[in-house]
Amino acid sequence: MTERAPLGIAVIGTGRMGADHVRRIHDVTSGARVTAVVDVDAERAKAVAARVDGCTAHTDPDAAMAASDVDAVLIASPGPAHEATLLAAFEHDLPVLCEKPLTPDAASALRVLDAELRLGHRRVQVGFMRRYDPEYAKLKALLATGQLGRPLMLHNRHRNAASPPFFTSSMLISDSVAHEADATRWLLGHEITAVTVLRPTPSANAPDTLQDPQFVVFETDGGVLSDVEIFVNCGFGYQVQAEVVCERGTARIGDGHALVTNMAGRWGGTIVQDFTERFETAYDQEIQAWVDATRRGEVTGPSTWDGYAAAAVCEAGVRALEDGARVEVELLERPTLYDS
């Protein structure tokens with residue numbers, strides 16, 4: 001029996017996330033190899049490509065997708081560039097793993113969704129990696145058993161040690177709370193119908209122009225309230241936690257107490273410093289699941305609909321932040337292509 005050739009992947013974008021995915025596919029993922037990388041910075045693309053035998057460097061995504069050794073595309077470029085790259089991938093009918101956001105706003109996400117619907121089959125998996133995190137997966141499985149009864153509330157905490165210098169107040173919603181929007185939808189199986197954003201006194205550690213922290217409240221069509229504390233200049237590390245309050249009990253993840261020490265009259269542990277460390281396993285499992293499904297001729301995981309829904313929720317959240325009012329989420333009816 002002939003061994004199947006590895007899946008040839010073109011990685012679009014070779015910044016921090018893209019370069020890490022190139023490393024991951026090369027060193028960790030089985031059944032795949034990076035055959036092309038693309039970046040507007042030609043020298044950066046060449047430097048990343050040089051780390052992988054047989055990998056070519058490009059500045060044009062379409063040229064990479066047309067290569068005979070490219071079977072699939074991983075998009076890790078900045079969000080505003082995603083729409084054009086996704087539409088180009090559809091022209092080649094290539095399977096895609098697209099890092100979040102699918103696109104930066106609901107209108108462009110809807111254009112991508114419409115284009116995929118015209119293909120008549122799914123091509124996109126969106127990179128909401130928390131669905132592949134072992135703790136989140138365990139929480140999802142527990143809720144599915146019904147042991148805790150019906151969920152009533154979901155509390156989320158999302159903290160970063162410090163925000164990047166380019167971060168704006170609206171990006172706390174669109175770039176960070178986007179993960180909680182998807183996690184809320186996925187854990188509960190509900191759509192988010194309205195968003196309210198409350199503005200606590202800004203932290204002295206935040207830049208003067210940044211509203212940080214923020215307190216976000218999601219309402220769902222299943223009657224659950226999901227809140228998010230987003231605090232991107234907490235100073236002490238990176239934390240993502242979630243607690244579901246149900247009729248007969250609660251369940252919490254993200255405490256990070258895998259190792260607790262007792263010494264010299266004190267006890268404690270460590271706090272990870274960024275998302276790549278906290279969600280390393282999630283990223284590894286996400287990429288492997290995508291590769292395995294693609295080699296089977298399937299598309300699984302978060303869909304274009306999930307990317308569109310998250311964009312619509314974040315759009316409502318940004319309006320709620322700016323207007324100081326509850327904003328309803330404008331969401332179209334879910335197409336049957338995304339029912340499974």
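Starting from 1, each residue takes its place in the sequence as its number.
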Colleague: Check whether any side-chain N or O of Arg4 sits under 3.5 Å from a backbone N or O of Arg295 as a donor-acceptor pair, and report yes or no.
Modeller: yes
Colleague: According to a hydrophobic-cluster definition based on side-chain heavy atoms being under 4.5 Å apart (Ile, Leu, Val, Met, Phe, Trp, Tyr only), do Phe166 and Val40 belong together?
Modeller: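 Phe166 and Val40: separate clusters.
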Colleague: Only counting residues at least two apart or in another chain, list the ones meeting salt bridge (Lys or Arg N to Asp or Glu O under 4.0 Å) with Glu330.
Modeller: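 In terms of salt bridge (Lys or Arg N to Asp or Glu O under 4.0 Å), with neighbours along the sequence ignored, Glu330 is linked to no residue.
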Colleague: Would you find more than 12 non-hydrogen atoms of other residues, nucleotides or ligands less than 6.0 Å from Asp323 atom CG?
Modeller: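 More than 12 heavy atoms, drawn from other residues, nucleotides or ligands, come within 6.0 Å of this atom.
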Colleague: With rounding to the nearest 0.5 angstrom, report the CD to CZ distance, Gln239 to Arg159.
Modeller: 5.0 Å
Colleague: Is Phe231 reachable from Leu172 through a run of I, L, V, M, F, W or Y residues, each pair having side-chain heavy atoms under 4.5 Å apart?
Modeller: no
Colleague: Looking only at non-hydrogen atoms, find the nearest pair between His58 and Ala45 and report the distance.
Modeller: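 Nearest pair, atom of His58 first, then Ala45: O-CB, 3.9 Å.
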Colleague: Might you work through the side chain to side chain contact (heavy atoms under 4.5 Å, CB included) test for Ile173 and Val216, ending with a clear yes or no?
Modeller: CA-CA 9 Å; Ile173 304 290; Val216 183; 3.7 Å; yes
Colleague: If only atom types and distance count, is the side chain of Lys100 paired as donor or acceptor with the main-chain N or O of Asp175 below 3.5 Å?
Modeller: yes
Colleague: Using salt bridge (Lys or Arg N to Asp or Glu O under 4.0 Å) as the criterion, list what pairs up with Lys140, not counting sequence neighbours.
Modeller: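 By the salt bridge (Lys or Arg N to Asp or Glu O under 4.0 Å) rule, Lys140 matches no residue at all.
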Colleague: Evaluate Val224 against Arg150 for side chain to side chain contact (heavy atoms under 4.5 Å, CB included), listing each step before the verdict.
Modeller: CA-CA 9 Å; Val224 175; Arg150 182 169 58 91; 5.8 Å; no
Colleague: Using 0.5 Å steps for rounding, measure from the CD atom of Glu322 to the OG atom of Ser169.
Modeller: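 Spacing of CD (Glu322) from OG (Ser169) equals 9.5 Å.
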Colleague: For residues 194-214, which residue pairs qualify under side-chain hydrogen bond (donor to acceptor under 3.5 Å, both in side chains), counting only residues two or more places apart or in two chains?
Modeller: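 Listed by first then second residue: Asp212-Asn233.
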Colleague: Rounded to the nearest 0.5 Å, what's the gap from SG on Cys98 to CD on Gln125? Could you check?
Modeller: 10.5 Å
Colleague: Determine whether more than 12 heavy atoms belonging to other residues, nucleotides or ligands lie under 6.0 Å from atom CD of Glu298.
Modeller: yes
Colleague: Do Thr336 and Asp339 pair up side chain to side chain, a donor and an acceptor below 3.5 Å, judged on atom types alone?
Modeller: no
Colleague: His121 and Asp93: side-chain donor and acceptor closer than 3.5 Å?
Modeller: yes
Colleague: Look only at the side chain of Thr250 and the backbone of Val245, and say whether a donor-acceptor pair between them is shorter than 3.5 Å.
Modeller: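 Pair absent, no side-chain N/O of Thr250 close to backbone of Val245.
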Colleague: Return the set of residues passing side chain to side chain donor-acceptor pair (under 3.5 Å) with Arg33 (not counting sequence neighbours), or none when no residue passes.
Modeller: none
Colleague: Please name all residues satisfying salt bridge (Lys or Arg N to Asp or Glu O under 4.0 Å) with Glu333, sequence neighbours left out, ordered by chain then number.
Modeller: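 Listed in chain order: nothing, the list is empty.
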Colleague: According to a 4.5 Å side-chain heavy-atom criterion applied to Ile, Leu, Val, Met, Phe, Trp and Tyr, with indirect links allowed, do Val329 and Val177 form part of one hydrophobic cluster?
Modeller: yes
Colleague: Mind running side chain to side chain contact (heavy atoms under 4.5 Å, CB included) on Val228 and Phe215 for me, showing each step along the way?
Modeller: CA-CA 6 Å; Val228 186; Phe215 192 82; over 6 Å; no
Colleague: Which pair of non-hydrogen atoms, one from Pro200 and one from Pro213, has the smallest distance, and what is that distance?
Modeller: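 Taking every non-hydrogen atom into account, CD-O, 3.4 Å.
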Colleague: Residues in side chain to side chain donor-acceptor pair (under 3.5 Å) with Gln273, at least two apart?
Modeller: none
Colleague: My understanding is that only residues two or more places apart in sequence, or in another chain, count here; which of them pass ring-ring contact (aromatic ring centres under 6.0 Å, His included) with Trp290?
Modeller: none
Colleague: Salt-bridged, Arg122 to Glu116, with N to O below 4.0 Å?
Modeller: no
Colleague: Can you sort out the partners of Pro78 under side chain to side chain contact (heavy atoms under 4.5 Å, CB included), two or more places apart, ordered by chain and number?
Modeller: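 Side chain to side chain contact (heavy atoms under 4.5 Å, CB included) list for Pro78, sorted by chain: Pro80.
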Colleague: With a 4.0 Å cut-off, would you call Asp133 and Arg278 a salt bridge?
Modeller: yes
Colleague: Any salt bridge between Glu229 and Arg157, counting N to O under 4.0 Å?
Modeller: no
Colleague: Please check if the number of heavy atoms outside Arg326 that lie under 6.0 Å from its CZ is greater than 12.
Modeller: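 Result for CZ/Arg326: enclosed.
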Colleague: Do Asp105 and Glu315 have side chains that approach each other closer than 4.5 Å (heavy atoms only, starting at C-beta)?
Modeller: yes
Colleague: Hydrophobic clusters join Ile, Leu, Val, Met, Phe, Trp and Tyr when side-chain heavy atoms are under 4.5 Å apart, directly or via other members; which others share one with Val327?
Modeller: none
Colleague: How close do Pro95 and Thr294 get, heavy atom to heavy atom, and via which atoms?
Modeller: CG-CG2, 3.5 Å
Colleague: Answer yes if Trp186 and Ile192 sit in the same cluster of Ile, Leu, Val, Met, Phe, Trp and Tyr residues linked by side chain heavy atoms under 4.5 Å apart, and no otherwise.
Modeller: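 No: no chain of side-chain contacts under 4.5 Å links Trp186 to Ile192.
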Colleague: Distance-only check: which donor-acceptor pairs under 3.5 Å involve side-chain atoms of residues 20-27, not counting sequence neighbours?
Modeller:
| residue | atom | partner | partner atom | Å |
| --- | --- | --- | --- | --- |
| Asp20 | OD1 | Arg23 | NE | 2.9 |
| Asp20 | OD1 | Arg23 | NH2 | 3.1 |
| Asp20 | OD2 | Arg24 | NH1 | 3.3 |
| Asp20 | OD2 | Arg24 | NH2 | 3.1 |
| His21 | ND1 | Arg24 | NH1 | 3.0 |
| His21 | NE2 | Glu99 | OE2 | 2.7 |
| Arg24 | NE | Asp284 | OD1 | 2.6 |

Colleague: When you measure from the side chain of Thr184 to the backbone N and O of Ala181, does any donor-acceptor pair fall under 3.5 Å?
Modeller: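 Answer holds: no.
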Colleague: I need the minimum non-hydrogen distance between Thr276 and Asp274, along with the two atoms involved.
Modeller: OG1-OD1, 2.8 Å
Colleague: Output yes when a side-chain donor or acceptor of Asn160 lies under 3.5 Å from a complementary backbone atom of Ser163, and no otherwise.
Modeller: no
Colleague: Please determine whether a side-chain nitrogen of the Lys or Arg among Asp306 and Arg131 lies less than 4.0 Å from a carboxylate oxygen of the Asp or Glu.
Modeller: yes
Colleague: Testing the basics here: between Val244 and Cys246, what is the closest heavy-atom pair and its distance to 0.1 Å?
Modeller: CG1-SG, 3.5 Å
Colleague: Does a side-chain heavy-atom distance below 4.5 Å link Tyr308 with Ser303?
Modeller: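 When only atoms from C-beta onward are counted, Ser303 and Tyr308 do not touch, as no gap falls below 4.5 Å.
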Colleague: Show your working on side chain to side chain contact (heavy atoms under 4.5 Å, CB included) between His158 and Tyr238 and close with a plain yes or no.
Modeller: CA-CA 8 Å; His158 186 160; Tyr238 181 82; 3.9 Å; yes
Colleague: Quick one: do Met17 and Leu97 end up in the same hydrophobic cluster if we chain Ile, Leu, Val, Met, Phe, Trp and Tyr together by side-chain heavy atoms under 4.5 Å apart?
Modeller: no
Colleague: Work out which heavy atom in Ala316 is nearest to a heavy atom in Glu328; give both atom names and the distance.
Modeller: CB-O, 4.1 Å
Colleague: Is the shortest distance from a Lys or Arg side-chain nitrogen in Glu135 or Lys138 to a carboxylate oxygen in the other one below 4.0 Å?
Modeller: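 A salt bridge is absent here (no side-chain N lies under 4.0 Å from a carboxylate O).
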Colleague: Taking the side chain from Asp39 and the backbone from Ala42, do they hold a donor-acceptor pair closer than 3.5 Å?
Modeller: no
Colleague: Give a yes or no answer on whether the side chain of Thr193 reaches the backbone of Glu219 with a donor-acceptor pair at less than 3.5 Å.
Modeller: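 Yes.
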Colleague: Nearest 0.5 Å, what's the OH-CG distance between Tyr338 and Leu113?
Modeller: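 Rounded to the nearest 0.5 Å, the OH-CG separation comes out at 4.0 Å.
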Colleague: Can you name the residues that form a side chain to side chain donor-acceptor pair (under 3.5 Å) with Ser68, not counting sequence neighbours?
Modeller: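 For Ser68, no residue satisfies side chain to side chain donor-acceptor pair (under 3.5 Å) once neighbours in sequence are set aside.
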Colleague: Does a side chain donor of either His179 or Asn156 reach within less than 3.5 Å of an acceptor in the other side chain?
Modeller: no
Colleague: For a quick check under 3.5 Å, do His155 and Asp227 share a side-chain donor-acceptor pair by atom type?
Modeller: yes
Colleague: Which residues, ordered by chain and number, are linked to Leu102 in its hydrophobic cluster, where ILVMFWY side chains connect at heavy-atom gaps below 4.5 Å, directly or through other members?
Modeller: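 Its cluster partners, ordered by chain and number, are Ile12, Val38, Met65, Val70, Val73, Ile75, Leu86, Leu87, Phe90, Leu94, Val96, Val112, Leu119, Val124, Val126, Phe128.
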